[in-house]
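Written below as structure tokens is the structure these notes are about.
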Amino acid sequence: MEVVEWSPKDVLAWLTEHGMQEYTDAFQNKLDGQGLLKLSQEDFQRPPLSLVASDNGQQLLEKIETLKMEHHIEVHKNGHANGHLNMGSVNAGSENDIHNKTKRTGLANGYRKEMIQIPMPELEQLRFSLEWWKTGVAFLYALSCFLLTTVMISVVHERVPPKEEQPPLPDKFFDYFNRVEWAFSICEINGMILVGLWLVQWVLMKYKSIVGRRFFFIVGTLYLYRCITMYVTTLPVPGMHFSCSPKLFGDMEAQFRRIMKMIAGGGLSITGAHTMCGDYLYSGHTVMLTLTYLFIKEYSPKRWWLYHWSCWILSIVGVFCILLAHDHYTVDVVVAYYITTRLFWWYHTMANQEVLKEPSKTNFLSQVWWYKFFRFLESNVQGIVPHTYDLPLSWSSISQFFGRKVKYSRLVTDT
């Protein structure tokens with residue numbers, strides 16, 4: 001369907017797809033395709049559009065120009081679409097000629113419209129620049145936050161009061177559910193499954209560099225916040241079953257070895273790497289269980305509902321097992337869930353709305369401390385990242401490795 005034939009509902013869907021839902025109220029669901037193509041700079045200088053657009057409509061106007069190029073449409077004063085107009089053969093005095101001239105072809109005087117096939121550049125690639133070096137910066141940021149968290153756990157461990165002197169705090173969940181010893185192992189197994197599934201899905205994505213730097217930034221920021229909360233407030237152990245490593249009382253070499261052991265074991269209790277106490281507020285396991293599910297669901301097609309439900313069950317069961325094992329207070333899990341979901345939703349709302357990428361008096365999200373870093377990561381990403389997948393290696397490279405020849409090499413795309 002050509003743009004000039006779009007209904008107001010089609011225009012609304014196009015705005016939503018390109019992350020410009022803020023214009024829907026201003027257009028009041030009355031703008032059709034022809035009206036969309038006729039928008040000009042003057043329209044954004046008076047209400048209601050002047051009240052919505054902080055950039056004078058520059059982003060939307062650029063996308064409209066791109067839309068015209070994609071559909072080979074150029075607005076003329078006579079209202080016709082651009083194309084070749086070929087006149088049918090005319091034989092004077094013939095009834096067939098009269099019929100041909102008056103035949104309804106959509107244009108007057110017997111003309112017919114043929115669209116010109118113009119080779120266009122890969123517009124999608126221009127809208128979604130890969131920029132792997134930015135992904136590397138985000139990875140280093142996440143890695144630094146992970147290392148800082150490990151160091152902070154070792155520091156806080158020295159401050160945890162002995163359970164004999166300060167027993168666990170009252171917890172309502174613990175009052176209703178007795179401890180299940182093997183529950184925390186189930187939690188960590190579910191977490192490793194979700195991380196593995198997300199890793200495979202991420203590797204197969206076409207725009208893995210964009211999605212990767214989003215994941216690295218969010219997980220790094222969450223663990224940075226965790227460093228702060230566990231340091232400022234040290235809680236006693238949640239249960240008498242805890243067997244914490246002995247305190248080192250300033251032995252820096254021993255602390256360094258303990259930190260390296262924890263890093264090597266991935267910070268998991270199931271590997272025997274995590275024997276320190278004090279990292280309770282808030283739960284890092286809940287962060288990973290929640291965040292991996294959110295990314296899996298966000299960057300996979302909606303029709304993969306069975307996959308989504310399976311991951312959701314793994315996440316919910318994992319979080320429940322944290323509490324069932326009495327390895328975290330309930331408040332640790334609640335705070336971790338709240339911060340993780342809000343940061344994920346805030347970031348993606350800002351990334352999908354072009355107007356929120358520009359600081360303004362009405363954009364209060366631009367006041368968060370990480371806004372400049374966000375703009376650095378998302379500066380060349382325009383719109384919602386497509387759910388497009390391809391193989392890490394082309395069929396031709398695989399065939400060369402195995403000494404065979406293949407006929408085709410195609411991208412696997414699912415939107």
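The distance from atom CD1 of I259 to atom OG1 of T149, rounded to the nearest 0.5 Å, is 11.5 Å. Expressed to the nearest 0.5 Å, how far CG of L37 lies from CD1 of I64 amounts to 7.0 Å. Atom CG in L194 sits 12.5 Å away from atom CG in L199 (nearest 0.5 Å). Residue I263 holds its CD1 atom at 8.5 Å from CG of L143, rounded to the nearest 0.5 Å. Distance check, rounded to the nearest 0.5 Å: CG of L365 to CD of Q353 gives 10.0 Å. Remark: F344 CZ to T349 OG1 distance equals 9.5 Å, nearest 0.5 Å.
Across every non-hydrogen atom of L377 and K134, the tightest pair is CD2-O, 4.0 Å. Nearest approach of C227 to C145, heavy atoms of both residues: SG-O, 4.3 Å. Of all the heavy atoms in L289 and L314, the pair that sits closest is CD2-O, 4.4 Å. The two atoms that bring C311 and L197 nearest to each other are SG-CD1, 4.0 Å, heavy atoms only. Among all heavy-atom pairs drawn from S283 and A336, the shortest one is O-CB, 3.4 Å. Contact between L356 and N363 at its shortest, heavy atoms only, is O-ND2, 3.1 Å.
A salt bridge does not link R213 with E378: every distance from a Lys NZ or Arg NE/NH1/NH2 to an Asp or Glu carboxylate oxygen is 4.0 Å or more.
Side chain to side chain, S379 and K357 fail the donor-acceptor criterion of an N or O pair below 3.5 Å. Of the N and O atoms on the side chains of N380 and E131, at least one donor lies less than 3.5 Å from an acceptor on the other residue. No hydrogens or angles considered: nothing links the side chains of D32 and S7 as a donor-acceptor pair under 3.5 Å.
Between H328 and D171, the closest side-chain pair of non-hydrogen atoms is not below 4.5 Å. The shortest distance between side-chain heavy atoms of Y223 and M152 does not fall below 4.5 Å. I153 places a side-chain heavy atom less than 4.5 Å from the side chain of M262. Counting only heavy atoms from C-beta outward, the side chains of L31 and K38 never approach each other to under 4.5 Å. The side-chain heavy atoms of V160 and P236, taken from C-beta on, include no pair separated by under 4.5 Å. Between P168 and Y329 there is a side-chain heavy-atom pair separated by less than 4.5 Å. Here the side chains of M276 and V156 are not in contact, with every heavy-atom distance at 4.5 Å or above. Residues V331 and Y280 fail the side-chain proximity criterion, which asks for heavy atoms closer than 4.5 Å.
A salt bridge (Lys or Arg N to Asp or Glu O under 4.0 Å) check over residues 138-161, counting only residues at least two apart or in different chains, returns the pairs E158-R258. Every pair passing salt bridge (Lys or Arg N to Asp or Glu O under 4.0 Å) that includes a residue from residues 278-300 is listed here, sequence neighbours excluded: R226-D279. For residues 172-182, every residue pair satisfying the side chain to side chain donor-acceptor pair (under 3.5 Å) rule, not counting sequence neighbours, is listed here: R179-H241. Applying the side chain to side chain donor-acceptor pair (under 3.5 Å) definition to pairs two or more places apart or across chains, those involving residues 308-326 are S300-H308.
Here Y225 pairs with T221, Y282, I339, W369, W370 under the side chain to side chain contact (heavy atoms under 4.5 Å, CB included) rule; sequence neighbours left out. Applying the side chain to side chain donor-acceptor pair (under 3.5 Å) criterion to N190, with sequence neighbours excluded, gives no partner residue. Residues satisfying the ring pair (Phe, Tyr, Trp, His ring centres under 6.0 Å) criterion with F320, sequence neighbours excluded, are F173, F177. Contacts of Y337 classified as side chain to side chain donor-acceptor pair (under 3.5 Å), with partners at least two apart in sequence or in another chain: none. Every residue meeting the side chain to side chain contact (heavy atoms under 4.5 Å, CB included) condition with E253, not counting sequence neighbours, appears here in chain and number order: D251, R257. With sequence neighbours left out, the side chain to side chain contact (heavy atoms under 4.5 Å, CB included) criterion links W132 to L130, T135, W202, K208, S209. In terms of the side chain to side chain contact (heavy atoms under 4.5 Å, CB included) criterion, residue partners of F256 (sequence neighbours excluded) are, by chain and number, M260. With sequence neighbours excluded, the residues satisfying disulfide (SG to SG under 2.5 Å) with C277 are C244.
Within a 6.0 Å sphere centred on CZ of F139, heavy atoms belonging to other residues, nucleotides or ligands number 12 at most. Within 6.0 Å of atom OH in Y371, more than 12 heavy atoms from other residues, nucleotides or ligands are found, so the atom counts as buried in its surroundings. Within a 6.0 Å sphere centred on NZ of K372, heavy atoms belonging to other residues, nucleotides or ligands number 12 at most. Other residues, nucleotides and ligands contribute only 12 or fewer heavy atoms inside 6.0 Å of the OH atom of Y338.
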Would you please test E358 and R375 for side-chain contact (heavy atoms from CB on, under 4.5 Å) and show each step?
CA-CA 8 Å; E358 297 297 331; R375 292 190 67 197; 3.4 Å; yes
Verify side-chain contact (heavy atoms from CB on, under 4.5 Å) between M288 and V219, making sure each step is shown before the conclusion.
CA-CA 8 Å; M288 294 307 299; V219 74; 3.8 Å; yes
Determine, stepwise, if the pair W346 / F217 fulfils ring-ring contact (aromatic ring centres under 6.0 Å, His included).
CA-CA 13 Å; W346 288 339; F217 169 78; over 10 Å; no
Verdict with supporting geometry, L324 and F184, side-chain contact (heavy atoms from CB on, under 4.5 Å)
CA-CA 8 Å; L324 203 59; F184 202 68; over 6 Å; no
Step by step, would you call F216 with L140 a side-chain contact (heavy atoms from CB on, under 4.5 Å)?
CA-CA 8 Å; F216 291 140; L140 292 176; over 6 Å; no
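Side chain of H157 to main chain of S245: a donor-acceptor pair is present (N/O by atom type, distance under 3.5 Å, no hydrogens or angles). Using modelled atom types, one side-chain atom of Q201 and one backbone atom of Y299 make a donor-acceptor pair closer than 3.5 Å. Looking at S154, its side chain never comes within 3.5 Å of a backbone N or O of T150 through a donor-acceptor pair.
When each of I218, L291, V287 is paired with L343, the side chain to side chain contact (heavy atoms under 4.5 Å, CB included) condition holds for I218 and for no other.
The aromatic rings of F215 and F295 lie perpendicular to each other, with more than 60° between the two planes, well past the 30° mark. The aromatic rings of Y141 and F373 sit perpendicular to each other, their planes meeting at more than 60°, with 30° as the lower class boundary. W6 and W14 have tilted rings, their planes meeting at an angle from 30° to 60° on a 0 to 90° scale.
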